[in-house]
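Report on the structure given below.
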There are 2 protein chains.
Amino acid sequence: MTTGTTFAIEQATAFRPSTEAPGLMAQFGLRMDYARDEEIYAQEEEADLIYQVVSGAVRTTRLMSDGRRQIGAFYYPGDVFGIEKGEEHRFSAEALCDTVVLVAKRNAVVLAAGREALERFIATATARELDRMQDHLLLLGRKTACEKVASFLLEVADRTKQSLAELPMGRQDMADYLGLTIETVSRMVTQLQTAAIVEFPTCRQFMVRNRAALERLSQ
Amino acid sequence: MTTGTTFAIEQATAFRPSTEAPGLMAQFGLRMDYARDEEIYAQEEEADLIYQVVSGAVRTTRLMSDGRRQIGAFYYPGDVFGIEKGEEHRFSAEALCDTVVLVAKRNAVVLAAGREALERFIATATARELDRMQDHLLLLGRKTACEKVASFLLEVADRTKQSLAELPMGRQDMADYLGLTIETVSRMVTQLQTAAIVEFPTCRQFMVRNRAALERLSQ
DNA sequence: CGCGTGTTTGATAGCAATCAAGTTCTGTGG
DNA sequence: CCACAGAACTTGATTGCTATCAAACACGCG
C-alpha cells in the first residue's frame with residue numbers, strides 16, 4: 001500500500017459515526033468507484049443527487065478563469081456532500097485518492113424513505129456544512145499562514161483517533177484549501193516540526209507532539 | 001435623515017422579491033426593532049429562531065479571542081438569516097443601522113403552517129446561504145484586495161436597481177467582510193474612483209460608471 | 001464653531017508570493 | 001534489485017502586496 005493513495009474506511013469510519021439516518025444512503029445509494037483526481041460531479045451539473053463517502057476522500061473545488069483554485073471542503077468516510085448548491089453545483093467534486101462513494105437520487109429517497117427522513121438527513125448534513133464553512137471563512141479571512149496550517153493539522157488530527165494521522169491530500173490541495181501557496185504550506189509545516197509541535201515521518205502522515213502549542217498557534 | 005443610518009424597505013424590497021413562501025414570516029413572525037450595532041442574537045444562544053429582515057440591514061460576525069473579526073454575511077430586506085447554525089449559533093448577528101426584523105419560532109411555524117412549508121422555506125434560504133458562502137470562500141482565499149473590493153461593490157450594485165447604491169455599512173465592516181484592513185479598503189475604493197470605474201458622492205453611496213471594467217476587475 | 005468619529009492619505013515594515021534550485025519520494029523498466 | 005525519470009516536496013533569495021503606524025481631512029452632531 002502506497003502512503004496516502006488509499007484511505008481505509010475501517011480506519012476512518014471508526015471515528016466518524018454515521019448521522020442520525022445511518023442506513024439511508026447505504027439503503028438507497030448506488031455504489032460508485034472513482035480513481036485519484038477523477039471528477040465526481042462538475043460545476044454545471046444539475047443537483048438532484050446526494051453523495052456519501054464510503055472510503056477514500058473527496059475535495060470540492062472552485063476555479064477562477066485564470067486558474068486560481070479554492071477548495072471548499074474535504075470529505076472523509078461517512079461525510080455527506082453534494083448538498084452545497086441551489087439548482088446547480090457551484091463547486092465540482094473530485095476524488096483525492098481511490099474512493100468509493102454512495103450516490104442517491106433525492107427523489108428516489110423521498111419515495112422510498114419518505115420526505116421527512118430525507119429532510120432530516122439533509123438538514124443534519126447542511127448544519128454541519130454551514131458550521132464548517134463558517135470556520136473556514138474565519139480561517140481564510142483572518143488567520144495567518146501559521147495559524148491556518150496549525151488549524152488544518154489540528155482538524156485532521158481530531159478527525160483521527162489514531163496518534164498517527166494520514167493526509168489523503170498533497171501540499172497543493174492543502175494550499176488551495178487554506179488560501180496559501182504550496183511553498184508557504186511547506187515552510188509552515190517545517191516550522192511546526194522544527195518547534196517539535198508536530199512530527200512528519202513522511203509528508204503524508206504526522207503526529208501531534210505538543211497539542212497545547214498547536215491549539216495556541218491555531219488560535 | 002443621516003446618510004447610511006437608515007435603509008428603507010421600500011427601496012430594498014423592490015429588487016429582492018420574497019421567497020417562495022412570501023407570507024410565512026410575515027404571518028408568524030414577531031416584529032422586532034433594533035438600533036444601530038444592537039445585537040440580534042449572540043454566539044451561544046440556542047437556535048430555534050429564524051429571522052427575516054424587514055428594513056435596515058444585518059451583519060453576522062465571528063470574533064477571535066484577540067479581537068480579529070470576520071463578517072460572515074450582510075443581510076438586507078427580504079433576506080432570511082439565523083439558519084446558519086446547528087445547535088447553537090457560531091456567529092452573532094447585529095443591526096448595521098436601525099433595523100426591523102421578523103422573528104419566528106420554528107416550532108410555531110411548524111404548528112401553524114406545517115412542517116413541509118417551513119422546510120421548503122428553510123431549504124430555499126439555506127441554498128442561497130451556501131451559495132453565498134462559496135463565493136465568499138473564493139473571494140477570501142484567492143482574490144486580491146482590488147478584486148475583493150470590486151466584487152463587493154458589484155454585489156451591492158446588483159442588489160440595487162437604482163443607479164445610486166447605498167452602503168449600509170462602514171469601511172470597517174467592509175474590511176471585516178473582505179478580510180482586509182480599513183485602510184486597504186479605502187485605498188482600493190479611491191483607486192477605483194480615480195480610474196472612473198465607480199463614483200462616490202459620499203462614502204456611503206456610489207454609482208457604477210464602468211460596469212465592464214468593474215466586472216473584469218472582480219474576475 | 002469645535003469636537004469626535006469615520007475616512008482618506010502617506011511612509012514604512014513585514015508576511016507571504018514569486019522565482020529558482022535542490023532534494024526526496026514514487027513508480028517503472030532494465 | 002537497482003537505476004533512472006518524473007513528480008512532489010523542501011529550501012533559498014527576492015519581490016511585492018497588504019498591514020501597520022501615523023497624520024491629515026471630512027462630516028455629522030452638540
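These values consider heavy atoms only, across backbone and side chains, with no hydrogens, waters or symmetry-generated copies. Letters A, B, ... are given to chains in the order of the sequence lines, protein chains preceding strands, and every chain is numbered from 1. Note that the coordinates shown come from a computational prediction; the quantities given were computed from them, not determined experimentally.
The nearest whole Å value for the distance from the CG atom in A:Asp37 to the P atom in D:dA8 is 9 Å. Distance CE (B:Met188) to P (C:dT8): 12 Å, rounded to an integer number of Å. Spacing between atom CG of B:Leu178 and atom C1' of D:dA19 amounts to 15 Å, rounded to whole angstrom units. Atom CD1 of A:Ile182 and atom P of C:dC19 are 15 Å apart (whole Å). We find that CD of A:Gln172 is positioned 11 Å from P of C:dA17, with the value rounded to whole Å. As rounded to whole Å, 13 Å separates atom P of C:dA17 from atom CZ of A:Arg68. What separates CZ of A:Arg142 from C1' of D:dT18 is a distance of 11 Å, to the nearest Å. Straight-line distance from the CZ atom of A:Arg204 to the C1' atom of D:dA8: 9 Å, rounded to whole Å.
B:Gln70 places a side-chain N or O within donor-acceptor distance of the main-chain N or O of B:Tyr177, the cut-off being under 3.5 Å. Using modelled atom types, no side-chain atom of A:Asp79 and backbone atom of A:Phe81 make a donor-acceptor pair closer than 3.5 Å. Judged by distance alone, with hydrogens and angles left aside, the side-chain atoms of A:Glu147 form a donor-acceptor pair with the main-chain N or O of A:Thr144 at under 3.5 Å. A donor-acceptor pair is defined here as one N or O able to donate and one able to accept, closer than 3.5 Å; no such pair exists between the side chain of B:Arg62 and the backbone of B:Phe91.
Heavy atoms of B:Thr190 sit under 4.0 angstrom from primed sugar atoms or phosphate atoms, though from no base atom.
Residue B:Arg171 places at least one side-chain N or O closer than 4.0 Å to OP1 or OP2 of C:dT8. Between B:Thr202 and D:dC27 there is no side-chain N or O to OP1 or OP2 distance below 4.0 Å. At the phosphate of D:dT11, neither OP1 nor OP2 sits under 4.0 Å from any side-chain N or O atom of A:Ser186. Distances shown here put a side-chain N or O of A:Thr184 below 4.0 Å from the OP1 or OP2 atom of C:dA17.
Between the side chains of B:Ser151 and B:Gln219, not a single donor N or O lies within less than 3.5 Å of an accepting N or O. A donor atom on one side chain and an acceptor atom on the other are not found under 3.5 Å apart for A:Glu166 and A:Thr160.
Relative to the side chain of B:Thr181, the nucleotides D:dT10, C:dT18, D:dT20 differ in distance, and D:dT20 lies closest.
Ion pairing between a basic and an acidic side chain is recognised when a charged N comes within 4.0 Å of a carboxylate O; A:Lys143 and A:Asp135 show no such pairing.
Comparing the end axes of the helix from C:dC1-D:dG30 to C:dG30-D:dC1, each fitted to five base pairs by superposing C1' atoms of four pairs onto the next four, gives an inter-axis angle of 30° (nearest 10 degrees).
Residue A:Arg187 places a side-chain atom within donor-acceptor reach of the base of C:dT18, judged by atom type and a 3.5 Å distance cut-off alone.
Summary of the strand contacts: A:Glu183 and A:Ala145 both lie near DNA chain C, and taking for each the nucleotide with the nearest heavy atom, the more 5' one is attributed to A:Ala145. The residue among A:Pro201 and A:Lys143 whose nearest nucleotide of DNA chain C is located toward the 5' end is A:Lys143.
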